[in-house]
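The structure appears below as structure tokens.
The shown structure was predicted, so the numbers you read here are calculated from the model rather than taken from an experiment. For this chain, numbers begin at 1 and follow the sequence in order.
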Amino acid sequence: MTITFRNETFRDDFTFRNSLYNIRRFPFPFDRDEYMYSVNMEPHVRGKKDSVFENLIDVDEHYVAEMLDRALVLKEDPLRCQALPHMMAAQWDTLELLMEHQAQDYSEHFTLTKNGDRWRWINRPMGIDDTFTFGDPSTLPYPPMEYITRQAQGDFCIVDQRDNNLWMDAGMVTTQADWSLDFDIGMNFMEWHGPVPLAHQIGVFDRALKFLLNLQQGKPTRRLNWTMTVNPRLDTSPENYHKWGPDRATVTPENVGEKMHLRVELQSLWRLPRSNAILFVIRCYLISFNELVTVPKWGRRLPRVLKSLPPEIVDYKGLTRNRPIMLDWLEKYDDGSPTSPGIFPD
């Protein structure tokens with residue numbers, strides 16, 4: 001399928017919008033009318049056609065605009081991309097995985113040709129045509145992880161497995177929901193999840209770590225995570241809190257439908273073949289409330305979920321200030337009818 005890429009922005013004038021097609025393929029994260037933390041892992045396999053699960057690495061209409069925004073972030077702050085020295089094999093694993101999936105599933109836009117360790121990579125949307133030697137970083141304009149993640153939607157963390165734990169030792173992180181690669185790099189799994197409320201007490205991370213330590217090559221897994229963002233801003237990093245934090249005070253009953261966005265992360269985890277590291281892909285999707293309520297099931301379910309949230313989760317996700325405004329606006333879309341199980345539109 002040939003994708004028509006949108007010319008849009010995720011900062012300043014915020015011209016980001018979803019097409020009608022992209023609204024219906026949005027990964028709505030709530031499969032029922034309430035929410036609580038859980039180890040909501042499932043196999044990352046090909047799923048429903050015309051959904052974000054159709055292909056294992058998703059490319060959509062926002063691809064070019066997101067890559068332009070990533071380049072702006074990296075120009076302002078190069079430390080959003082870091083890799084510890086021992087992670088070079090994992091960098092090449094990551095490059096191979098992303099190139100192969102993009103070329104396989106989006107052949108109109110990407111082509112990968114291999115002649116032994118001499119590879120040619122063509123990225124038509126970004127006007128890239130490079131030939132390089134796999135395993136030789138001097139033949140690429142950037143280190144291998146940075147090179148390919150400048151051309152792939154989502155954030156990417158590579159975690160090394162040692163001492164019966166996982167360590168965040170490399171990453172490209174420019175679309176994160178208020179966490180810092182520069183702060184977390186070198187931390188273990190429990191350390192970088194330290195701020196999350198309630199989940200530690202109910203054992204979510206103990207179970208998740210045990211599960212991931214046993215992740216097998218060729219059997220990736222996935223889960224959905226979510227929060228809310230005022231304005232369609234991809235870069236909500238702690239480093240730039242002074243830019244996006246004040247946005248929360250700009251929401252009113254009149255503009256909440258336009259300004260408030262449900263921010264969903266499709267998180268997939270892949271065991272890498274050479275390095276035995278795990279690639280953690282954090283693919284961010286945004287949808288405004290105005291767009292979301294065009295799907296009646298989601299319009300009914302979202303206010304029910306927001307009402308059900310424990311105060312600790314409301315506070316952690318930064319919803320305390322604007323939840324009353326959001327609920328007042330959303331409740332008119334809840335007619336009290338039952339909602340069908342699952343996340344997809346009826």
Side-chain angles (χ1 to χ4, degrees), residues 5 10-11 57-59 62-106 109-160 167-176 179-186 234-235 237 239-240 268 270 272-275 277-284:
F5 299 108
F10 301 90
R11 56 182 68 207
I57 297 295
D58 185 44
V59 177
H62 307 299
Y63 173 78
V64 172
E66 288 189 27
M67 295 304 92
L68 290 172
D69 194 76
R70 166 155 291 161
L72 291 173
V73 173
L74 291 169
K75 185 177 180 181
E76 296 167 356
D77 184 2
L79 291 178
R80 302 297 189 86
C81 182
Q82 298 187 49
L84 300 184
H86 64 280
M87 299 298 285
M88 184 54 71
Q91 291 197 51
W92 285 108
D93 281 337
T94 299
L95 176 141
E96 179 182 49
L97 186 152
L98 293 176
M99 284 186 175
E100 286 185 345
H101 278 275
Q102 287 183 323
Q104 173 186 325
D105 293 324
Y106 303 94
H109 302 296
F110 307 97
T111 302
L112 176 62
T113 306
K114 299 180 183 179
N115 182 11
D117 61 3
R118 197 69 175 158
W119 292 18
R120 183 183 179 190
W121 171 247
I122 301 173
N123 176 333
R124 296 177 187 86
M126 296 183 69
I128 294 170
D129 185 342
D130 286 334
T131 300
F132 61 94
T133 300
F134 185 87
D136 182 356
S138 69
T139 60
L140 285 172
Y142 301 100
M145 179 190 69
E146 180 174 357
Y147 176 78
I148 193 56
T149 58
R150 282 177 174 264
Q151 303 176 57
Q153 288 169 279
D155 287 337
F156 300 85
C157 299
I158 311 178
V159 295
D160 196 23
W167 304 81
M168 189 179 295
D169 286 348
M172 167 71 86
V173 180
T174 67
T175 67
Q176 69 270 51
W179 67 276
S180 170
L181 174 68
D182 192 39
F183 184 78
D184 286 357
I185 196 159
L234 284 176
D235 178 17
S237 59
E239 289 88 345
N240 276 338
S268 58
W270 309 67
L272 298 175
R274 299 171 185 82
S275 60
I278 294 176
L279 176 64
F280 183 21
V281 182
I282 310 165
R283 176 72 156 82
C284 174

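- Under the rule for a ring pair (Phe, Tyr, Trp, His ring centres under 6.0 Å), F183 has no partner lying at least two apart in sequence or in another chain.
- A search for salt bridge (Lys or Arg N to Asp or Glu O under 4.0 Å) contacts involving D58 returns R25, R283, not counting sequence neighbours.
- Applying the salt bridge (charged side-chain N to carboxylate O under 4.0 Å, His left out) definition to pairs two or more places apart or across chains, those involving residues 84-104 are D93-R274, E96-K114, E96-R274, E100-K114.
- Partners of D105 according to the side chain to side chain contact (heavy atoms under 4.5 Å, CB included) rule, which considers only residues two or more places apart in sequence or in another chain, are R46, N55, H101.
- For Q91, the side chain to side chain donor-acceptor pair (under 3.5 Å) test picks out no residue, with sequence neighbours left out.
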### Message
Show, in sequence, the C-alpha distance, side-chain angles and deciding distance for L72 and D235, and conclude whether the side-chain contact (heavy atoms from CB on, under 4.5 Å) test is met.
### Response
CA-CA 10 Å; L72 291 173; D235 178 17; over 6 Å; no
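- For the ring pair (Phe, Tyr, Trp, His ring centres under 6.0 Å) test, no residue two or more places apart in sequence or in another chain qualifies with F280.
- Partners of P141 according to the side chain to side chain contact (heavy atoms under 4.5 Å, CB included) rule, which considers only residues two or more places apart in sequence or in another chain, are D130, Y147.
- Classified by interplanar angle (parallel below 30°, tilted 30° to 60°, perpendicular above 60°), the ring pair F10/H62 is perpendicular.
- Formation of a donor-acceptor pair under 3.5 Å by the T133 side chain with backbone atoms of T139 is not found in this model.
- Shown here are the ring pair (Phe, Tyr, Trp, His ring centres under 6.0 Å) partners of Y63, two or more places apart in sequence or in another chain: F5, F110.
- Looking at residues two or more places apart in sequence or on another chain, you find no ring pair (Phe, Tyr, Trp, His ring centres under 6.0 Å) involving W167.
- Under the side chain to side chain contact (heavy atoms under 4.5 Å, CB included) criterion, D77 pairs with L79, R80, E239, not counting sequence neighbours.
- Counting heavy atoms from C-beta on, the side chains of E66 and C284 never come closer than 4.5 Å.
- Contacts of R11 classified as salt bridge (Lys or Arg N to Asp or Glu O under 4.0 Å), with partners at least two apart in sequence or in another chain: D69, E76.
- Under the 3.5 Å distance criterion, the side-chain polar atoms of D155 are matched with a main-chain donor or acceptor of Q176.
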Could you give me the CA-CA distance, side-chain angles and deciding distance for L74 and M172, then say whether side-chain contact (heavy atoms from CB on, under 4.5 Å) is met?
-> CA-CA 9 Å; L74 291 169; M172 167 71 86; 3.6 Å; yes
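- Here the side chains of M145 and F156 are not in contact, with every heavy-atom distance at 4.5 Å or above.
- With sequence neighbours left out, the side chain to side chain contact (heavy atoms under 4.5 Å, CB included) criterion links T111 to T113, I122, R124.
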